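Since we're looking at a predicted model, the values are computed, not measured.
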Amino acid sequence: MTAFPLRPYQIEAVDAVIAARKRGVRRQVVCLPTGAGKTVIFSRLAALARRPVLVLAHRSELLTQAVDKLRRTLGGPAGGADVVGLEAAAARAGAEARVVVASVRSLHEERLARLMAERRFGLVIYDECHHAPAADNQRVLRSLGCLDPDWDGTLLGFTATPQRADGLPLSDLFQEVVYSRGLVELVEDGYLVPLRGFRLHTGARLSGATGAREDLEMDDERVDIEERNALVARAVQELARDRRSLVFCVTVEHARHMALALRKLGVRADLVHGAMDPADRAAVLARFAQGELQAVTNVGVLTEGFDDPGVSCVVMARPTRSQALYVQCVGRGTRPAPDKQDCLVLDFVDASSLPLVTLPVLWGLPRDLDLGGEDVREAAAYLRRLPFDLPGFALEAGAITLQEIKDRAAAFDPLRSAVDPELRAISGNGWCSLGSLGLCLHLTIAGRVVEVRIEATGRPGRRDRWEVRWDGKVMARFSQIEAAVEAVDFEVDRRGPRWSAAAREDAAWRRGPVDPPRRAQLDERGLRAADLGEALQLLSLHRAAPARPPSAFTDARPGR
């Protein structure tokens with residue numbers, strides 16, 4: 001029996017892998033974010049396997065984690081021989097080992113031939129399989145027979161990031177993604193901790209940086225600036241005072257300078273990078289885990305295989321346009337831990353025309369939004385309710401804080417949202433504003449209410465930008481809203497004096513009582529109106545909204 005109880009989605013992943021193999025899918029991928037427990041899942045699959053299992057990984061941290069969890073899952077030593085063997089550097093897996101955890105880099109031809117001669121692998125698990133398309137990694141898979149059309153085993157890749165920065169496709173090696181869950185989903189479902197964020201402007205310019213496929217091509221001189229590093233360090237000191245923080249940098253020199261800037265402010269900090277001796281790197285991370293260091297700067301070395309649930313602040317001192325890389329970095333702080341309430345993300349943004357990824361982007365929110373330290377889930381729920389609560393409320397493009405949005409929303413009164421004075425100058429009719437939605441005109445003829453709407457089509461600069469709807473029927477389209485108003489007023493006057501009088505802003509019917517059917521519609525939406533004119537305007541504003549606002553994230557969410 002496994003030593004690790006599986007979460008519902010982990011059981012789903014195991015079942016999906018087995019079901020796909022029964023369908024004949026031999027080369028599969030499971031996509032799960034950092035902290036989702038990929039090792040627990042493949043340990044369960046290894047326990048179910050009937051033939052020997054090979055686990056491939058790149059980093060020493062991943063190898064160690066895999067060996068530990070597999071040994072605990074499979075029961076440790078069996079009959080004096082360890083059922084899990086390690087094949088990396090000087091370590092050799094015994095011939096009795098049913099599961100071999102191997103470093104891909106260590107599997108030269110002679111070593112691989114020995115492993116294959118001792119056992120016939122039926123399941124090959126590739127951790128962080130987005131590395132698989134690299135030439136030498138493909139060599140290993142071909143030597144194992146995984147890519148042969150008549151191979152009778154299963155190649156199962158695990159990754160949080162199926163996209164590669166160099167554009168090499170996983171589909172050349174794998175047939176199907178059989179199971180996928182995103183970071184947003186697991187945070188929403190409570191398996192990963194909530195994320196809070198700040199957006200901080202640095203003033204540095206990235207004008208010379210170019211977009212290289214998924215990410216940026218730039219040297220460290222654009223961001224490794226003393227003033228910028230000092231700003232990052234001050235933010236960590238002030239905003240992450242009681243949090244253990246990971247700082248992601250552009251180059252080794254940038255990481256070294258960032259660590260120095262932090263230490264100058266009294267923040268206990270050190271750095272790790274790929275060229276360090278593994279023992280030295282492990283020593284720094286051990287001091288970090290024990291609380292001797294508050295911050296560790298790094299250059300990509302901690303985006304994979306680093307498992308420290310105590311991390312509660314992620315500092316993105318490196319700009320990126322790669323959502324896959326961003327999720328990997330942020331994921332280092334999402335693991336639950338005792339007394340850990342959430343993870344703080346500090347996004348440092350520079351002057352650039354390139355679309356850089358920030359925390360709000362993961363939840364489908366504007367990338368220029370500054371959460372001001374708020375929970376991104378709550379911000380997303382609030383902003384998605386806003387069109388239902390305040391139809392017509394619009395935000396200008398550009399950088400804005402969540403608190404500014406809340407302040408503007410609190411002061412927004414759609415019934416006092418004035419029609420543009422220029423429109424008032426050309427029309428004496430009772431046009432009312434629908435905010436960003438457009439304009440609306442009501443009139444009553446023989447007890448029947450007629451509604452004319454001029455609605456924005458969302459195509460600025462086009463000849464059909466404004467659409468005139470008469471009782472729901474599209475009558476015409478115009479490039480200018482003034483032309484649409486004049487056309488409607490002309491049509492009203494053409495129909496005769498009764499129509500002209502009913503359309504006027506001071507028409508007596510507007511101050512009449514609200515009829516019972518409309519009163520019921522207002523009650524369903526929690527609205528109140530003093531007279532019939534106000535009731536019609538409110539119902540027009542809320543016409544596209546459901547009777548009650550939906551609960552947050554009942555729609556399709558990013559990452560699903």
ring-ring contact (aromatic ring centres under 6.0 Å, His included) contacts touching residues 10-51 (sequence neighbours left out): F42-F158
Verdict with supporting geometry, L362 and V376, side chain to side chain contact (heavy atoms under 4.5 Å, CB included): CA-CA 9 Å; L362 304 187; V376 66; over 6 Å; no
E109 and R139: CA distance, side-chain angles, deciding distance, salt bridge (charged side-chain N to carboxylate O under 4.0 Å, His left out) verdict: CA-CA 9 Å; E109 291 186 11; R139 171 192 62 80; 5.3 Å; no
Contact check, side chains of L356 and F348, non-hydrogen atoms, under 4.5 Å: no
Among D224, N229, T251, the one residue meeting side chain to side chain donor-acceptor pair (under 3.5 Å) with H257: D224
Any donor-acceptor N or O pair under 3.5 Å, side chains R26, T154: no
Qualifying residue, where the test is side chain to side chain contact (heavy atoms under 4.5 Å, CB included) with F198 and the options are V345, L346, D347, L371: L346
Ion pair D136/R105, N-O distance below 4.0 Å: no
Distance-minimising heavy-atom pair for R228 and A317: NH1-O, 2.8 Å
Check against salt bridge (charged side-chain N to carboxylate O under 4.0 Å, His left out), R114 and E110: CA-CA 6 Å; R114 175 180 60 79; E110 180 182 346; over 6 Å; no
Sidechain N-carboxylate O distance under 4.0 Å for K38, D127: no
Test item: Q28 and V17 side chains (from C-beta on) under 4.5 Å apart, heavy atoms: yes
NZ/NE/NH1/NH2 to OD/OE distance under 4.0 Å, R23 and E176: yes
Contacts of D308 that satisfy side-chain contact (heavy atoms from CB on, under 4.5 Å) - sequence neighbours left out: R244, F288, A289, F306, V311
Any side-chain heavy-atom pair of V296 and V247 under 4.5 Å: no
Y326 (side chain) donor-acceptor with L359 (main chain) under 3.5 angstrom: yes
Pairs touching residues 82-125 that satisfy ring-ring contact (aromatic ring centres under 6.0 Å, His included), sequence neighbours left out: none
Ion pair R111/E87, N-O distance below 4.0 Å: yes
Least distance between heavy atoms, W363 atom then A380 atom: CD1-CB, 3.9 Å
Residue D150 excluded, over 12 heavy atoms near CG under 6.0 Å: yes
Positive for side chain to side chain donor-acceptor pair (under 3.5 Å) with E304, one of R332, H131, H58: H131
Lys/Arg-Asp/Glu bridge criterion (N-O < 4.0 Å) met for D152, R51: yes
Close side-chain approach of D342 to D375, heavy-atom, < 4.5 Å: no
R281 vs H273 side-chain heavy atoms within contact, under 4.5 Å: no
